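Keep in mind that this is a model prediction, so the values were computed, not measured.
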Amino acid sequence: MTLVKAQARRAVRSVSRTVGRWTAGSRLAPDFLIVGAQRCGTTSLFKTLAQHPGVLPATYHKGVHYFDTGYDQGMNWYLGHFPTVKRAEAVRERLGVRAVTGESSPYYMFHPLAGERIARDLPEVRLLVLLRDPVERAYSAHTHESARGFESEPFERALELEQSRIAGEREKLVADPTYHSHHYQHNAYLSRGQYIEQLERLEGIFGRDRLHVIDADDFFAEPRPAFDAVCDFLGLPHWADISFGKHNARSRSPMDPALRARLEEHFVPYDDRLAAWWGRVPSWRR
């Protein structure tokens, strides 16, 4: 995309969000949020859900990032990203079911304040979580952040630096709701793969019934049953005309086997706790 086109797109989004803020009272609040984990297929699930005629997704882009980095914008700004009640009523007339809307911001699951903010502002919302092999997730995240200019170190060195980079950052985020932490958001490769810590925190806030956890490898290997389960969770009818695919993937070179073995060992206790909590062995441990 050329610079002129990018600037024009940003201008259109800015105007649209302003209009959305003015009309917040006539807009739907999210019924679902895809909260993570990062690099686990959140974009693919969002794009798949958006094909369902009963889903009216957030406009402009999939992730609004209100409850993590944009909370100072205010609830009217947030609601301005979602479709109008009038559009939802048109869906009900056509399908006989209430339309649902939502967005996908995978930092919500890891940000220490996002859960409480979501629970306070969206007391009925349902949360979707995708999980994949945390070793592959870490490597994928490093490739992704490097491509975006948020990481300058090679993978193994970035792992060595992780604890020093994020030390004290969670506490700063909790102490100052306006604080943004680059390293906590972009360079927590191992910490963000310790899924059970994040799931237990979300369960404590929302309860188990409002969490739906999806094994990303199972979703991509056999998407139909996994997607139908998501529809059941959201109260949507099953829909046949859905195209499944992978989105936002990035190519990368093979990981060093010795490094992979060390990372797999690191995640064993977290994966064991996850399996006990989930009631199933995750695909990467079968």
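Side-chain contact annotation: Gln185 with Gln38, donor-acceptor N/O pair under 3.5 Å absent. The closest side-chain donor-acceptor pair between Asp72 and Tyr66, if any, does not fall under 3.5 angstrom.
Partners of Arg286 under the side-chain contact (heavy atoms from CB on, under 4.5 Å) rule, at least two apart in sequence or in another chain, are Asp215, Asp218, Arg280, Val281, Ser283. Take Phe244 and apply the ring-ring contact (aromatic ring centres under 6.0 Å, His included) test, not counting sequence neighbours, and it matches Phe227. For Asp256, the side-chain contact (heavy atoms from CB on, under 4.5 Å) partners two or more places apart in sequence, or in a different chain, are Ala258, Leu259. The ring-ring contact (aromatic ring centres under 6.0 Å, His included) test applied to His111 returns Tyr107, not counting sequence neighbours. The side-chain hydrogen bond (donor to acceptor under 3.5 Å, both in side chains) check on Glu200 picks up Arg273, with sequence neighbours excluded. Every residue two or more places apart in sequence or in another chain that forms a side-chain hydrogen bond (donor to acceptor under 3.5 Å, both in side chains) with Asp232 is listed here: His238. Under the side-chain contact (heavy atoms from CB on, under 4.5 Å) criterion, Pro254 pairs with no residue, sequence neighbours left out. The ring-ring contact (aromatic ring centres under 6.0 Å, His included) search around Phe32 returns none, not counting sequence neighbours. Looking at residues two or more places apart in sequence or on another chain, you find a ring-ring contact (aromatic ring centres under 6.0 Å, His included) between His52 and Trp239.
Considering only heavy atoms from C-beta on, Leu199 stays 4.5 Å or farther from Trp278 through its side chain. Within the 4.5 Å cutoff, side-chain heavy atoms of Leu33 are placed close to those of Glu103. Using a 4.5 Å heavy-atom cutoff, the side chains of Phe155 and Thr143 are not in contact. The side-chain heavy atoms of Asp271 and Pro134, taken from C-beta on, include a pair separated by under 4.5 Å. Taking 4.5 Å as the limit, every side-chain heavy atom of Pro177 sits out of range of all side-chain heavy atoms of Tyr71. Between Trp284 and Leu131, some side-chain heavy-atom pair lies under the 4.5 Å cut-off. Looking at Phe110 and Val35, their side chains never come closer than 4.5 Å, going by heavy atoms from C-beta outward. Side-chain contact between Tyr184 and Pro112: present, with at least one pair of heavy atoms (C-beta onward) separated by less than 4.5 Å.
For the atom pair Ile118 CD1 and Ser105 OG, the distance stands at 8.5 Å (nearest 0.5 Å). Distance check, rounded to the nearest 0.5 Å: CE of Met255 to CG of Leu263 gives 6.0 Å. The distance from the CD1 atom of Ile196 to the CZ atom of Arg201 is 11.5 Å, given to the nearest 0.5 Å. Considering CG of Leu128 and OG1 of Thr42, their distance stands at 11.0 Å, rounded to 0.5 Å. The CZ atom of Arg27 lies 9.0 Å from the CG atom of Leu79; values are rounded to the nearest 0.5 Å. Here the OG atom belonging to Ser104 is positioned 10.5 Å from the NZ atom belonging to Lys47, to the nearest 0.5 angstrom.
Ring pair Tyr78/His81 is tilted by interplanar angle, where 30° to 60° counts as tilted. Using the six-membered ring where Trp is involved, Tyr108 and His65 have ring planes that are perpendicular, over 60° apart on the 30 and 60° scheme.
Cluster membership check: Tyr179 does not share its hydrophobic cluster with Val174, using side-chain heavy-atom separations under 4.5 Å among Ile, Leu, Val, Met, Phe, Trp and Tyr. Following chains of ILVMFWY side-chain contacts shorter than 4.5 Å, one cannot reach Leu113 starting from Trp77, and the two form parts of different hydrophobic clusters.
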CA sep, side-chain torsions, deciding dist, call: Leu49, Leu234, side chain to side chain contact (heavy atoms under 4.5 Å, CB included): CA-CA 11 Å; Leu49 269 171; Leu234 298 180; 4.1 Å; yes

Step by step, work out the side-chain hydrogen bond (donor to acceptor under 3.5 Å, both in side chains) result for Tyr139 and Ser253. CA-CA 10 Å; Tyr139 197 26; Ser253 59; 3.3 Å; yes

Under the side chain to side chain contact (heavy atoms under 4.5 Å, CB included) rule, what do Val55 and Thr101 come out as? Steps first, then yes or no, please. CA-CA 6 Å; Val55 176; Thr101 188; over 6 Å; no

Would Asp272 and Tyr270 count as a side-chain hydrogen bond (donor to acceptor under 3.5 Å, both in side chains) if you check the C-alpha gap in whole Å, the side-chain angles of each, and the deciding distance to 0.1 Å? CA-CA 5 Å; Asp272 287 347; Tyr270 301 103; over 6 Å; no

Does the pair Leu56 and Val100 meet the rule for a side chain to side chain contact (heavy atoms under 4.5 Å, CB included), with working shown? CA-CA 6 Å; Leu56 298 174; Val100 300; over 6 Å; no

Would you sort out whether Leu127 and Arg210 count as a side chain to side chain contact (heavy atoms under 4.5 Å, CB included), showing the intermediate values? CA-CA 6 Å; Leu127 306 184; Arg210 287 167 60 196; 5.8 Å; no

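Nearest heavy-atom pair, Phe82 versus Ala58, reported as atom, atom and distance to 0.1 Å: CE2-CB, 3.7 Å. Taking all atoms of both residues into account, the shortest heavy-atom contact from Val129 to Met109 is CG1-SD, 3.7 Å. Heavy atoms only, all atoms of each residue included: Leu122 and Pro30 are closest at CD2-CD, 3.8 Å. Annotation for Glu264 and Arg285: closest pair O-NH2, 3.0 Å, computed over non-hydrogen atoms. The nearest pair of heavy atoms linking Phe46 to Pro57 is CZ-CB, 3.5 Å.
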Hey, can you pull the donor-acceptor pairs under 3.5 Å for the side chains in residues 86-99, sequence neighbours left out?
residue, atom, partner, partner atom, Å
Arg98, NH1, Asp31, OD1, 2.8
Arg98, NH2, Asp31, OD1, 3.1

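Pairs engaging residues 159-187 under the salt bridge (Lys or Arg N to Asp or Glu O under 4.0 Å) rule: Glu151-Arg165, Arg157-Glu160, Glu169-Lys172 [sequence neighbours left out]. Within the structure, every pair that satisfies the ring-ring contact (aromatic ring centres under 6.0 Å, His included) test and touches residues 196-225, not counting sequence neighbours, is listed here: His212-Phe233.
Of the charged side-chain nitrogens involved, at least one lies within less than 4.0 Å of a carboxylate oxygen, so that Glu156 and Arg262 count as a salt-bridged pair. Between Arg224 and Asp228 a salt bridge is recorded (basic side-chain N to carboxylate O distance below 4.0 Å).
Looking at Arg132, its side chain never comes within 3.5 Å of a backbone N or O of Gly41 through a donor-acceptor pair. Side-chain atoms of Ser191 never come within 3.5 Å of backbone atoms of Ala188 as a donor-acceptor pair (strictly under, hydrogens ignored). No donor-acceptor pair under 3.5 Å is formed between the side chain of Ser140 and the backbone N or O of Glu136. Judged by distance alone, the side chain of Glu116 and the main-chain N or O of Ile205 form no donor-acceptor pair under 3.5 Å.
Dense packing is recorded around CD of Glu153, with more than 12 heavy atoms of other residues, nucleotides or ligands lying under 6.0 Å away.
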